[in-house]
2 protein chains.
Amino acid sequence: MQDTDTTTPHADAPRATARRQQILCAAAQCFREHGFHGASIAKISAIAGMSPGHIYHYFENKEAIIAAIVAQDLESLLEMTAQFRAACNVRAALIERAAEGVAKQLDPDAAGLKLEIVAEAARNPRVAQIVSEADATCRRELAALIRDIRSRAGHQDSAAAIDGMVEVLACLFEGLLQRTIRNPGLDRDKVTQRIQIAIGDLLNQPGEDALKPRS
Amino acid sequence: MQDTDTTTPHADAPRATARRQQILCAAAQCFREHGFHGASIAKISAIAGMSPGHIYHYFENKEAIIAAIVAQDLESLLEMTAQFRAACNVRAALIERAAEGVAKQLDPDAAGLKLEIVAEAARNPRVAQIVSEADATCRRELAALIRDIRSRAGHQDSAAAIDGMVEVLACLFEGLLQRTIRNPGLDRDKVTQRIQIAIGDLLNQPGEDALKPRS
DNA sequence: TAACATAGAATGAGCGTTCAATCTAGAACA
DNA sequence: TGTTCTAGATTGAACGCTCATTCTATGTTA
């Protein structure tokens with residue numbers, strides 16, 4: 001974070017960067033297999049191919065490794081969201097692009113780690129802050145995306161209405177993480193298709209805050 | 001599980017049942033605060049108001065406590081699903097009832113534990129089996145529910161189509177668990193309203209396996 | 001008295017972390 | 001070119017602690 005990082009003397013050196021990444025890679029694997037608390041520095045160091053003590057030259061402690069893994073995962077989420085935003089100016093484009101996002105969320109390995117992160121966020125304030133900040137950025141992006149697509153289709157929406165739709169969209173995507181764990185044998189193509197339809201319907205929801213839908 | 005349970009000599013006695021529940025209650029609190037691996041028998045026993053050793057008269061080991069907590073949580077899920085099934089024979093009834101379900105999923109404490117369970121299921125085979133079996137039961141119930149509502153509305157659906165809709169419905173509900181963690185300040189009423197609309201649209205999705213939706 | 005409930009100390013393993021000691025590669029110098 | 005020096009890279013044993021689990025001893029009750 002600071003320029004003078006005493007724990008990583010030459011953090012900019014390519015060797016140090018490579019070692020850090022090596023540790024993060026091993027840690028991600030351990031965290032996936034054993035969870036944040038179940039994974040030990042000893043196991044991580046063994047997989048990373050270095051001594052336990054050496055890890056502490058690159059990370060202050062285990063908590064810092066967790067924070068780095070969390071930040072790394074969320075960065076990839078923000079990237080995906082930004083790509084959606086950039087590529088999809090109309091409804092059909094978003095629906096088409098959504099298929100890739102769905103496929104990514106349905107990968108069981110990635111899902112396991114992402115769920116571990118949210119579960120950790122529910123009890124660890126440091127992780128909670130990283131997660132909720134990333135989510136806020138993500139929501140802003142998605143809100144702009146939905147607003148544009150709908151205004152292009154003639155809708156005029158309140159901010160609250162858009163925010164509600166963003167939440168539903170997020171539910172659809174994040175729910176997939178749990179589906180692939182709870183029902184590993186689900187039909188990925190069929191689910192993708194139905195999610196796409198649901199997203200399409202979401203973008204056509206009534207804008208005003210009506211009582212009940214009548215389709 | 002078996003009739004002759006050597007670890008809990010008089011499991012049917014009311015005192016034993018109460019003690020077991022006392023332990024599970026303390027364990028749930030600890031698991032919520034520290035996760036399955038972060039919670040220790042010492043902490044659980046302190047909260048339960050008994051010695052660490054005494055816990056082992058009611059549970060074979062920590063893993064058994066985890067399994068019991070998981071089973072207990074999933075039982076409440078199955079109960080909710082069954083109530084939906086019983087109370088909702090038409091679309092409007094399901095949408096109205098859904099509000100309660102949404103509210104339940106948006107409770108951050110309950111959500112934390114449920115997410116911990118899914119994360120654990122992603123790496124612990126014993127938990128994975130309990131979770132996936134409960135999910136299968138749940139899906140069967142929801143499939144029957146959706147099929148009935150839609151057939152009453154004149155739709156004739158393939159099993160695969162129904163299964164896809166069930167997955168989307170599950171995504172909506174399970175996604176809420178993550179939303180309440182990632183965005184604790186979300187507008188619960190607005191979200192409920194938008195989820196209700198989405199469920200309404202879901203029940204009106206085209207039955208055939210069309211290419212893309214055109215609403 | 002017999003059977004069960006309960007306590008709490010003991011055990012050995014494993015944890016995160018520290019640290020003194022070694023290795024290594026390249027700069028400085030001859 | 002060959003030698004020395006040195007600062008960072010790396011090791012792995014050691015530390016203090018906590019963990020899950022066991023076991024013996026003591027209450028409690030019928």
Side-chain angles (χ1 to χ4, degrees), chain A residues 4-31 33-69 120 123-124 126-127, chain B residues 4-31 33-69 120 123-124 126-127:
Chain A
T4 57
D5 193 334
T6 54
T7 57
T8 59
H10 292 116
D12 39 29
R15 177 186 222 107
T17 305
R19 277 273 185 264
R20 269 183 72 97
Q21 206 51 46
Q22 192 178 350
I23 293 168
L24 287 180
C25 184
Q29 180 182 333
C30 275
F31 290 157
E33 288 172 14
H34 309 285
F36 287 140
H37 289 74
S40 68
I41 296 288
K43 279 181 202 143
I44 294 172
S45 70
I47 291 179
M50 66 181 70
S51 69
H54 196 35
I55 286 186
Y56 288 85
H57 284 179
Y58 297 99
F59 293 93
E60 195 191 343
N61 49 34
K62 191 181 168 184
E63 176 93 359
I65 301 178
I66 294 176
I69 289 283
E120 182 69 16
R123 62 183 110 94
N124 180 334
R126 184 171 172 186
V127 171
Chain B
T4 56
D5 193 335
T6 54
T7 57
T8 58
H10 292 117
D12 39 30
R15 174 184 224 108
T17 304
R19 277 273 184 264
R20 270 183 70 97
Q21 206 52 46
Q22 192 177 351
I23 293 168
L24 287 180
C25 183
Q29 180 182 331
C30 275
F31 291 157
E33 289 172 14
H34 309 284
F36 287 141
H37 289 76
S40 69
I41 296 289
K43 278 180 202 145
I44 294 172
S45 71
I47 292 179
M50 65 182 68
S51 69
H54 196 35
I55 286 185
Y56 287 85
H57 284 179
Y58 298 99
F59 292 93
E60 195 192 346
N61 49 32
K62 193 181 168 185
E63 175 92 0
I65 301 178
I66 294 176
I69 289 281
E120 182 70 16
R123 62 183 109 94
N124 180 334
R126 182 171 173 186
V127 171

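In the text below, chain A, chain B and the rest are named by the order of the sequence lines, each starting its count at 1.
Put simply, CZ on A:Phe59 is 16 Å from C1' on C:dG16, counting in whole angstrom units. Rounded to whole Å, atom P of D:dA14 lies 18 Å from atom OH of A:Tyr56. The interatomic distance linking A:Ile23 (CD1) with D:dT11 (P) rounds to 10 Å, in whole Å. In this structure, CD1 of B:Ile41 is placed 19 Å from P of C:dA13, rounded to the nearest angstrom. Distance CD1 (B:Ile55) to P (D:dC19): 13 Å, rounded to an integer number of Å. Spacing between atom NE2 of B:His57 and atom P of D:dT24 amounts to 12 Å, rounded to whole angstrom units. Following rounding to the nearest Å, A:His54 (NE2) and C:dA20 (P) show an atom-to-atom distance of 18 Å. Going from atom CD of B:Glu63 over to atom P of D:dT21 covers 9 Å, rounded to whole Å.
Smallest separation of non-hydrogen atoms from A:Arg20 and A:Tyr58: NH1-O, 3.0 Å. Minimum interatomic distance between B:Ile23 and B:Ile44 (heavy atoms only, all atoms of both residues): O-CG2, 4.2 Å. Of all heavy-atom pairs spanning A:Phe59 and A:Ala68, the tightest one is CE2-CB, 4.0 Å.
Comparing C:dA5, D:dT11, D:dA9 by their nearest atom to the side chain of B:Tyr58 picks out C:dA5.
In this structure, B:Arg19 and A:His37 both approach DNA chain C, and ranking their closest nucleotides by distance from the 5' end singles out B:Arg19.
Side-chain N/O atoms of A:Ser51 include one lying less than 4.0 angstrom from OP1 or OP2 on D:dT11. Contact check, A:Ser40 against C:dC15: a side-chain N or O comes under 4.0 Å of OP1 or OP2.
Rounding to the nearest 0.5 angstrom, the gap separating the NE2 atom in A:His54 from the CZ atom in A:Arg19 is 5.0 Å.
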